[in-house]
**Q** 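Before we start, here is the structure in question, set down as structure tokens.
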Amino acid sequence: LPSPTPSAAPMVRYGPLFWVHFVYFNAATWLCLAALVETMARTSRPYHRQSALLLGSLALPLGANLLTVLNFGPFGRVDLPAFAFLLTVVLLGLAVFRFRLLDLRPIARGRIFQTIGDGVVVLDLGGKVVDANLAAERLLGQPLARIVAQPTERGAPAWSQLLRRQLDEGGEVVDEIADSGRIHEVTVSSLTDHLGWPTGRLVVARDVTERRRVEQQLRDSLEREQASSRQLRALDQMKSTFLRAVSHDLRTPLASVLGIAITLQRHQQELDAGDAADLLQRLSKSARKMDRLLNNLLDLDRLAQPTVTPELERVDLGELVERVVKDASTELLADRPVHVDVCPLRLEVDPPKIERIVENLLANAAKHTPPGTPVWVRVQPRDHGALLVIEDAGPGVPQPLRETIFQPFRQGPRPASHAPGVGIGLALVRVFAQLHGGRAWVEDRRQGPGASFQVHLPDPDYGNAAR
């Protein structure tokens with residue numbers, strides 16, 4: 001409207017449409033400003049000052065415009081929006097140059113979210129996918145556009161149980177989930193706003209396949225080291241036992257040999273024929289005992305070579321065993337009665353090695369039984385071959401030791417104190433049997449207490465030879 005006087009300022013009068021527009025504009029603007037305030041309140045602490053300056057620079061011109069239109073306060077004809085925009089420029093300058101409004105940290109954080117190797121999935125309160133990074137897309141095998149707003153169970157069914165557990169227990173839940181040949185350490189935690197109200201959940205899946213593989217390799221290496229350490233301790237113990245046994249087995253016959261030799265040397269003229277013959281027989285017995293021990297040690301080393309093969313020839317096994325028992329029983333079994341039951345049975349064997357099998361089994365029977373204990377020796381046909389059985393009425397062999405005693409330098413329970421032994425006789429028995437394609441084992445004697453050592457010697461041509 002024109003002013004009543006030429007020097008007066010023109011009068012402004014607003015119509016109804018202006019007020020409708022004014023109310024609508026200010027309501028929408030201030031509601032948007034309130035939403036901006038709520039959003040800024042959720043930002044992290046480094047951005048609070050920047051948010052406050054940005055909010056002030058927006059609120060100043062809006063408030064000044066509102067006061068001017070309503071003609072509120074003592075400002076009169078002062079143009080408040082002009083001054084408000086001036087202050088806005090100052091505030092924006094402070095925000096940009098003093099408080100780094102255009103800081104790259106938000107951009108950097110978004111970049112980190114997309115490039116980290118762990119899969120990150122953001123869920124709403126209903127368990128639907130809100131956001132996910134590239135690693136999560138690769139893990140789920142689908143792009144974000146296909147999994148967003150979808151239930152997590154559809155994209156990652158393996159996570160269902162863990163998500164339900166976190167929902168029941170609250171807080172943070174961690175578990176390892178194996179899927180498609182990979183192992184992931186999945187962490188599910190709650191997301192809250194600045195007031196502590198839950199707004200969703202965060203799922204972080206870290207691929208730990210390589211770490212678990214390396215850990216398993218370390219555990220395997222540790223177990224191998226421990227096994228090697230136990231084996232070295234066992235070998236050291238076996239070495240000590242072996243040295244004690246060898247020293248005993250060699251010292252006794254060697255002392256006998258030296259004593260008899262000195263006696264013959266000093267008193268040769270004083271001894272009659274009978275005493276001299278007895279001394280010579282004892283000398284021969286001690287020498288054969290040392291020879292047998294040394295042969296066992298040499299054979300054990302020689303048979304460890306892969307090139308050893310038996311020299312086979314067809315013989316009557318029953319006759320061979322009977323002869324060995326007859327020749328060796330007096331020396332090996334002393335006053336133990338021997339019962340021999342053999343039958344004529346021809347098959348291809350290495351006779352010297354069969355002799356060693358019989359001798360070692362007889363020596364073992366004497367070693368673990370008291371004097372006067374009976375010993376049985378049998379040879380009978382079995383499974384296209386022959387079965388050699390040597391039994392005694394001694395204490396027997398416990399079930400846990402029935403394989404151990406066939407290992408080198410291992411002995412059975414309670415060896416006789418007068419003949420401790422080296423612990424290689426039964427090992428040679430098994431090795432000689434295996435050279436013939438057979439096997440050796442021990443079981444309980446069926447007719448009473450005691451041990452039954454059995455050796456099976458197969459003969460492919462046994463049927464043809466019998467005919």
**Q** Of the options V188, L163, V130, which is the one that meets L123 in a side-chain contact (heavy atoms from CB on, under 4.5 Å)?
**A**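 Of V188, L163, V130, side-chain contact (heavy atoms from CB on, under 4.5 Å) with L123 is met by L163 alone.
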
**Q** Could you grab the distance from atom CD of Q150 to atom CG of L144, nearest 0.5 Å is fine?
**A** 11.0 Å

**Q** Flag the pair L332 / E359 as yes when at least one side-chain heavy-atom distance between them is below 4.5 Å, and no otherwise.
**A** yes

**Q** Rounded to the nearest 0.5 Å, what's the gap from CG on N26 to NE2 on H21? Could you check?
**A** 9.0 Å

**Q** Can you name the ring pair (Phe, Tyr, Trp, His ring centres under 6.0 Å) partners of W30, sequence neighbours left out?
**A**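 Residues passing ring pair (Phe, Tyr, Trp, His ring centres under 6.0 Å) with W30: none at all.
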
**Q** Return the OG1 to CG distance between T152 and L162, rounded to the nearest 0.5 Å.
**A** 11.0 Å

**Q** Tell me every residue that passes side chain to side chain donor-acceptor pair (under 3.5 Å) with Q217, counting only those two or more places apart in sequence or in another chain.
**A**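 Here no residue qualifies.
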
**Q** Just how far is it from atom CG of D383 to atom CG of L457, taken to the nearest 0.5 Å?
**A** 12.0 Å

**Q** For A393, check side-chain contact (heavy atoms from CB on, under 4.5 Å) against everything at least two apart and list the hits.
**A**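 In terms of side-chain contact (heavy atoms from CB on, under 4.5 Å), with neighbours along the sequence ignored, A393 is linked to T373, P374, W376, R445.
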
**Q** Could you tell me if R402 and Q399 have a donor-acceptor pair between their side chains, going purely by distance under 3.5 Å?
**A** yes

**Q** Please identify each residue that fulfils salt bridge (Lys or Arg N to Asp or Glu O under 4.0 Å) with E153, with sequence neighbours left out.
**A** none

**Q** Output all residues satisfying side-chain contact (heavy atoms from CB on, under 4.5 Å) with Q161, sequence neighbours left out; order by chain, then residue number.
**A**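 By the side-chain contact (heavy atoms from CB on, under 4.5 Å) rule, Q161 matches R164.
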
**Q** Under a 4.5 Å cut-off applied to non-hydrogen side-chain atoms, are V122 and L191 in contact?
**A** yes

**Q** Show every side chain to side chain donor-acceptor pair (under 3.5 Å) that has at least one partner inside residues 131-146, sequence neighbours left out.
**A** none

**Q** Can you tell if the side chain of I405 reaches within under 4.5 Å of the side chain of N364, non-hydrogen atoms only?
**A**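 No, side chains not in contact.
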
**Q** To the nearest 0.5 Å, what is the distance between CZ on R314 and CD on E348?
**A**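 Result: 4.5 Å between the selected atoms.
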
**Q** Going by the rule side chain to side chain donor-acceptor pair (under 3.5 Å), which residues pair with W441 if we only count those two or more places apart in sequence or in a different chain?
**A** E443

**Q** Please identify each residue that fulfils side chain to side chain donor-acceptor pair (under 3.5 Å) with Q166, with sequence neighbours left out.
**A**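 Residues passing side chain to side chain donor-acceptor pair (under 3.5 Å) with Q166: S190, R201.
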
**Q** How about L222: does its CG atom have over 12 heavy atoms from other parts shown lying under 6.0 Å from it?
**A**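 For L222, atom CG is crowded (more than 12 foreign heavy atoms under 6.0 Å).
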
**Q** Do S452 and R446 have side-chain heavy atoms sitting under 4.5 Å apart?
**A**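 A side-chain contact under 4.5 Å is absent here.
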
**Q** Only one of F25, Y24, W19 clears ring-ring contact (aromatic ring centres under 6.0 Å, His included) with F22; which?
**A**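 The residue from F25, Y24, W19 that satisfies ring-ring contact (aromatic ring centres under 6.0 Å, His included) with F22 turns out to be W19.
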
**Q** Working to the nearest 0.5 angstrom, can you tell me the gap between L60 CG and L55 CG?
**A** 9.5 Å

**Q** So if I apply the side chain to side chain donor-acceptor pair (under 3.5 Å) rule between S229 and each of Q231, Q226, R233, which one comes out positive?
**A**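 Between S229 and the candidates, side chain to side chain donor-acceptor pair (under 3.5 Å) is satisfied uniquely by R233.
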
**Q** Below 4.5 Å, heavy atoms only, C-beta onward: do W159 and V121 meet side chain to side chain?
**A** yes

**Q** Sequence neighbours left out, what passes side-chain contact (heavy atoms from CB on, under 4.5 Å) with D118? Give chain and number order.
**A**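 Checked D118 against side-chain contact (heavy atoms from CB on, under 4.5 Å); matches are V204, R206.
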
**Q** So do I354 and H436 actually touch side chain to side chain, heavy atoms under 4.5 Å?
**A**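 Yes, close enough: below the 4.5 Å cut-off.
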
**Q** What pairs with F85 under ring pair (Phe, Tyr, Trp, His ring centres under 6.0 Å), at least two apart in sequence or on another chain?
**A** none

**Q** Report the residues that fulfil side-chain contact (heavy atoms from CB on, under 4.5 Å) with A451, sequence neighbours left out, ordered by chain and then residue number.
**A** D392, V397, V442, F453

**Q** Between V379 and L388, is there a side-chain heavy-atom distance shorter than 4.5 Å?
**A** yes

**Q** List in chain and number order the residues that pass side chain to side chain donor-acceptor pair (under 3.5 Å) with D168, two or more places apart in sequence or in another chain; answer none if no residue qualifies.
**A** none

